[in-house]
There are 2 protein chains.
Amino acid sequence: MIARRGRPPAYDREAALMAIAEAFRLRGYAAASLDEIARAAGMNRPSLFAAFGNKKAMYLAALEDYRRRMERAVSPALEREGPLGDALTGFFDAAVGFYGEGAAPGCLVLCTATAEAPADEEIAAALADTIRGIEAQLTARIAREAADGEVAGLAQLMVSVLIGIAVQARAGVDETALKRFARAGVAAALRQS
Amino acid sequence: MIARRGRPPAYDREAALMAIAEAFRLRGYAAASLDEIARAAGMNRPSLFAAFGNKKAMYLAALEDYRRRMERAVSPALEREGPLGDALTGFFDAAVGFYGEGAAPGCLVLCTATAEAPADEEIAAALADTIRGIEAQLTARIAREAADGEVAGLAQLMVSVLIGIAVQARAGVDETALKRFARAGVAAALRQS
DNA sequence: ATCATTTTGTACCATCTTGCATAAAATTCA
DNA sequence: TGAATTTTATGCAAGATGGTACAAAATGAT
């Protein structure tokens with residue numbers, strides 16, 4: 001433990017970042033005020049600024065953090081050995097669970113960054129990177145089992161299923177329906193591959 | 001033509017509503033200011049309020065109008081007689097074209113209402129209704145050709161492809177890639193049905 | 001021509017928002 | 001104990017925002 005001088009921070013950076021992400025997820029980027037965010041994080045505004053920079057920097061940090069947490073939540077199921085269909089089903093079940101956590105359902109990136117993307121290059125880049133990252137991970141996993149010519153198409157289809165889950169969770173579709181839907185999608189896509 | 005008393009309006013209601021929808025699509029609901037909206041519509045704020053009500057009423061009217069225009073743009077291709085695959089491909093091509101129009105790509109409903117849905121019941125209802133409407137239309141068309149047991153799953157998969165197109169268009173994916181992706185999705189989903 | 005009616009346009013207000021300045025508080029080091 | 005350092009907390013300032021009041025303008029009716 002390195003002894004730092006000065007008054008010690010009263011907040012835990014990881015917990016604060018998660019609370020910030022939750023605040024943005026509940027209200028969207030533009031509608032979330034710094035007062036709300038500060039209250040959610042248990043900090044006051046000057047501390048927020050000192051720790052994370054201005055509102056956009058907070059949002060970009062929240063997007064990045066959320067993406068990492070999402071990956072930690074869904075990767076184990078996807079990377080598990082065994083039939084591709086089981087891995088994909090496990091992946092989507094984990095995603096449904098992850099998107100259902102917290103005060104508001106849906107994906108922070110896919111449901112709030114979309115609103116701001118055309119007006120802000122960095123947010124658009126974060127959105128595009130997140131989708132590309134998901135597609136890359138799905139592609140790598142699918143390539144272990146499927147025929148070469150079908151990998152890209154299958155991966156893109158699975159990306160759409162994930163996006164569909166994120167958006168429909170936001171629209172109020174309950175978790176069991178989303179899981180059933182994911183299973184049907186996987187079954188339809190893998191039929192005779 | 002009914003002769004109305006008083007000074008005649010200087011705006012065309014349909015054109016104004018379309019401009020309002022475009023303004024919201026470019027910036028999202030919360031970030032779009034009434035000044036921007038008024039400028040886009042070629043009206044000033046008092047006229048805007050008189051014509052469409054407050055900001056949320058404007059947004060709900062824009063969502064409804066956008067949904068109608070979307071339906072007009074994609075229905076003909078979907079309802080055309082012939083192989084289901086061709087109908088679906090035509091539907092998605094039309095959707096890609098529709099989502100690519102205007103100043104910002106992506107779907108007004110699927111890319112901006114998602115941000116506000118948890119904080120506003122009416123917007124959430126508009127989002128859910130739009131998705132349900134699309135699903136119903138796809139279900140009806142698919143039921144004309146596919147086996148009973150597969151209709152629902154196929155329709156849900158196609159809903160996801162559409163949502164995936166909307167979001168990925170917003171993320172900057174170009175139209176040819178989106179159309180290719182839609183074709184691959186249709187092919188994968190219809191294989192051996 | 002005058003009045004009633006409806007829309008337009010300017011200006012305005014109250015509120016909220018972002019971001020920061022500044023002083024108090026809590027800690028380490030000498 | 002006192003100086004240095006870092007965080008917290010109160011509060012403030014500049015600007016943007018949603019919404020409206022009110023007078024001018026443009027039309028139909030009498």
Side-chain angles (χ1 to χ4, degrees), chain A residues 1-17 19-63 112 115-116 119-120 122-123, chain B residues 1-17 19-63 112-113 115-116 119-123:
Chain A
M1 154 138 45
I2 17 170
R4 302 195 37 214
R5 300 194 27 166
R7 179 170 175 169
Y11 62 89
D12 173 57
R13 191 180 169 89
E14 266 190 75
L17 201 48
I20 292 171
E22 274 304 290
F24 279 126
R25 192 159 74 114
L26 182 61
R27 301 262 286 142
Y29 171 69
S33 78
L34 291 177
D35 271 338
E36 284 173 10
I37 296 167
R39 213 177 320 128
M43 309 169 62
N44 36 32
R45 286 220 304 282
S47 299
L48 261 187
F49 274 79
F52 301 104
N54 66 12
K55 187 181 180 184
K56 202 175 103 180
M58 289 177 211
Y59 184 61
L60 292 172
L63 288 179
T112 74
E116 317 292 333
D120 188 299
E122 291 180 89
I123 295 175
Chain B
M1 155 133 50
I2 17 170
R4 301 196 37 214
R5 300 197 23 169
R7 180 170 174 168
Y11 62 90
D12 173 56
R13 191 182 170 88
E14 266 190 75
L17 201 48
I20 293 170
E22 275 304 290
F24 278 127
R25 193 160 74 113
L26 182 61
R27 303 260 289 141
Y29 171 69
S33 78
L34 291 177
D35 271 338
E36 284 172 8
I37 295 167
R39 213 175 322 127
M43 309 168 62
N44 35 32
R45 287 221 301 282
S47 299
L48 260 188
F49 275 79
F52 301 104
N54 66 11
K55 188 181 181 185
K56 201 175 102 178
M58 288 176 211
Y59 184 61
L60 291 173
L63 289 179
T112 74
E116 316 293 333
D120 189 300
E121 280 185 27
E122 290 180 90
I123 296 176

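The minimum heavy-atom distance between A:A40 and A:A23, with the atom names listed, is CB-CB, 4.1 Å.
If you find the closest nucleotide of DNA chain D to B:K56 and to B:G6, the one lying nearer the 5' end belongs to B:K56.
Side-chain contact between A:F24 and A:K55 is present, with heavy atoms from C-beta onward closer than 4.5 Å. Taking 4.5 Å as the limit, some side-chain heavy atom of A:M58 sits within range of a side-chain heavy atom of A:L34. A:Y29 has its side chain out of reach of A:D120: every pair of non-hydrogen atoms, C-beta onward, lies at least 4.5 Å apart.
Atom CG in A:D12 sits about 15 Å away from atom P in D:dT7, given to the nearest Å. Between the CG atom of A:N44 and the C1' atom of D:dC12 there is a distance of 15 Å, given to the nearest Å. For A:Y11 and D:dT6, the OH to P distance is 13 Å, given to the nearest whole Å. Here D:dA9 presents its P atom at 12 Å from CG of A:L48, a figure rounded to the nearest Å. Counting to the nearest Å, the C1' atom of D:dA29 and the CZ atom of B:R7 are 19 Å from each other.
If you check every strand for non-hydrogen atoms under 4.0 Å, A:P46 touches a base. Heavy atoms of A:A50 sit nowhere under 4.0 angstrom from any nucleic acid atom.
Below the 3.5 angstrom threshold, one finds no donor paired with an acceptor across the side chain of B:R5 and the base of D:dA29.
Residue B:R27 holds its CZ atom at 14.0 Å from CD of B:E22, rounded to the nearest 0.5 Å. Atom CG of residue A:L26 and atom OG1 of residue A:T112 lie 11.0 Å apart, to the nearest 0.5 angstrom.
Checking the phosphate oxygens (OP1, OP2) of D:dT7, no side-chain nitrogen or oxygen of A:S47 falls inside 4.0 Å.
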Nucleotide-resolved protein contact map, nucleotides 13-18 of chain C, B/S/- at heavy-atom distance under 4.0 Å: ----SB
